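Written below as structure tokens is the structure these notes are about.
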Amino acid sequence: MIRKLEDEGWLLAPEVEADRQFLLKYVSFEAITRCNQACYFCPVSVAPREDHVMAMDEYQSILAQLTKYAATIEGLFMISYNEPTADPLFVERVAAIHAAGLPPAVLTNGTGLTPKRVDAIMKLGGLRFLSFNLSTLDRERYRRDRGGDHLELVLRNIDYVKNLDLAPEMHIAVLGTGDEQHRQDYAAISERFAGSRLAPKLYTVNDRAGYLPIGLSNEASQNKLCGCDYVGSRPLQHLHITPQGKCILCCQDYDENYVVGDLRQQTSTRS
């Protein structure tokens, strides 16, 4: 059995440098800890983080370190648990990502992606990827699920974007618990945006490695991070950078218990 695991690449000898066998594909790099909502499916709703904003010079310094991997990075996502458009420097950071030769990707609740900002980003060259997080068209349920009465604002912003060439891929992530109401919300959102450039996607929320008592869970984890079957090789093809410049092992590590590096003191480049 051990030989089989070795042959299939599940077990590696101590001298094997696994990171050299994979290419860095996805980076999540949030510049702020701030979020303007408290969604039931996010740890922010039960344990909001202390407010922190990364200085622009530090942000640009870390982007400069990432340029070595520009050929393989498919998306630099400006989010982890924050709302990227709540950053007053949001457009400036998109410009900095472009200047570094990296592909900006935005996942947003849509509250701060205003027409003015959209026009500015279009002039910069747009985004590589855009996804709006919209779980219902019912105003009262939206307010209850997210702790903010933002639905009308969000729909205005999405309507402005829906037929623009802002990104090659533009989605609407319809999150829910997989029940009948979730399916009805998905159908309603799909109908509302039919014929636009926005592609609705149905996603079931997860428990964030045991942090929340909802959605999909990995019972084997016993509330400890031990790997997941999300896209790609998580520890080796994904890099997660906090607003303090720290690198954590997994996107599910909300409390940042598994810090693997600090880009303020170390470099991401290797010989």
Side-chain angles (χ1 to χ4, degrees), residues 28-54 77-90 93 105-114 117 130-159 161 171-179 181-186 188-189 200-218 221 223 225 228 230 240-244 246 248 250-257:
S28 62
F29 182 14
E30 55 177 4
I32 65 172
T33 55
R34 188 179 308 147
C35 187
N36 59 350
Q37 294 188 340
C39 303
Y40 75 90
F41 48 79
C42 179
V44 170
S45 64
V46 295
R49 297 179 293 178
E50 183 178 347
D51 195 34
H52 181 83
V53 178
M54 179 178 283
F77 291 82
M78 302 172 69
I79 184 173
S80 185
Y81 291 94
N82 63 323
E83 168 49 45
T85 67
D87 184 354
L89 297 175
F90 172 64
R93 298 199 199 272
V106 173
L107 282 64
T108 176
N109 60 33
T111 53
L113 197 60
T114 61
R117 280 177 157 179
L130 171 65
S131 178
F132 289 102
N133 182 336
L134 178 65
S135 49
T136 182
L137 296 177
D138 182 276
R139 182 174 176 179
E140 178 55 31
R141 278 198 290 116
Y142 186 99
R143 183 198 61 76
R144 184 180 66 246
D145 290 349
R146 294 168 177 268
D149 188 13
H150 301 140
L151 181 60
E152 292 185 3
L153 168 63
V154 167
L155 290 177
R156 286 198 301 271
N157 289 342
I158 296 178
D159 282 339
V161 170
H171 297 169
I172 297 179
V174 184
L175 294 177
T177 57
D179 60 4
Q181 184 62 69
H182 186 196
R183 290 187 287 272
Q184 291 178 9
D185 286 328
Y186 174 74
I189 290 171
K201 303 289 184 179
L202 186 71
Y203 294 110
T204 302
V205 297
N206 68 69
D207 66 357
R208 296 294 177 178
Y211 214 101
L212 300 168
I214 58 164
L216 301 175
S217 64
N218 180 1
S221 71
N223 297 338
L225 297 180
C228 65
Y230 291 157
H240 308 283
I241 308 170
T242 74
Q244 293 82 12
K246 295 179 181 179
I248 57 175
C250 178
C251 67
Q252 304 290 302
D253 185 12
Y254 183 68
D255 288 331
E256 300 175 15
N257 293 316

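All heavy atoms count here, side chains included; hydrogens, waters and symmetry mates do not. Model, not experiment: these values are computed from the prediction.
- Between Asn109 and Phe132 the shortest side-chain heavy-atom distance does not fall below 4.5 Å.
- In plain terms, the two heavy atoms of Tyr81 and Cys251 that are nearest each other are OH-O, 2.6 Å.
- Residues Val53 and Arg34 are in side-chain contact: their nearest non-hydrogen atoms beyond the backbone lie under 4.5 Å apart.
- A heavy-atom distance below 4.5 Å is not found between the side chains of Val106 and Ile79.
- With hydrogens and angles disregarded, no donor-acceptor distance shorter than 3.5 Å links the side chain of Arg146 to the backbone of Tyr40.
- Residues Asn157 and Arg117 are not in side-chain contact: their nearest non-hydrogen atoms beyond the backbone lie 4.5 Å or more apart.
- Remark: Asp185 pairs with Thr136, Arg141, Gln181 by the side-chain hydrogen bond (donor to acceptor under 3.5 Å, both in side chains) rule, at least two apart or across chains.
- When the side-chain hydrogen bond (donor to acceptor under 3.5 Å, both in side chains) test is applied to Glu256, no partner is found at least two apart in sequence or on another chain.
- Contact check for Leu130 versus Thr108: side-chain heavy atoms found under the 4.5 Å cut-off.
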Worked check of side-chain hydrogen bond (donor to acceptor under 3.5 Å, both in side chains) between Glu83 and Asn36: CA-CA 7 Å; Glu83 168 49 45; Asn36 59 350; over 6 Å; no
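- Within the 4.5 Å cutoff, no side-chain heavy atoms of Pro213 are placed close to those of Asp207.
- Scanning all heavy atoms of the two residues, the minimum distance from Pro84 to Leu107 falls at CG-O, 3.4 Å.
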Verdict with supporting geometry, His240 and Ser28, side-chain hydrogen bond (donor to acceptor under 3.5 Å, both in side chains): CA-CA 5 Å; His240 308 283; Ser28 62; 2.9 Å; yes
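- Side-chain atoms of His171 do not come within 3.5 Å of backbone N or O of Lys201 as any donor-acceptor pair.
- Looking at every heavy atom in both residues, Gly178 comes nearest to Arg183 through O-NH1, 2.9 Å.
- The two residues Cys42 and Ser45 make their nearest non-hydrogen contact at O-OG, 2.7 Å.
- The side-chain heavy atoms of Tyr254 and Arg49, taken from C-beta on, include a pair separated by under 4.5 Å.
- Rounding to the nearest 0.5 Å places OH of Tyr186 at 6.0 Å from CG of Leu202.
- A donor-acceptor pair is defined here as one N or O able to donate and one able to accept, closer than 3.5 Å; no such pair exists between the side chain of Arg139 and the backbone of Glu152.
- With sequence neighbours excluded, the residues that form a side-chain hydrogen bond (donor to acceptor under 3.5 Å, both in side chains) with His150 are Gln37.
- Proximity of Leu155 to Leu134: side-chain heavy atoms (C-beta onward) are separated by under 4.5 Å at one or more points.
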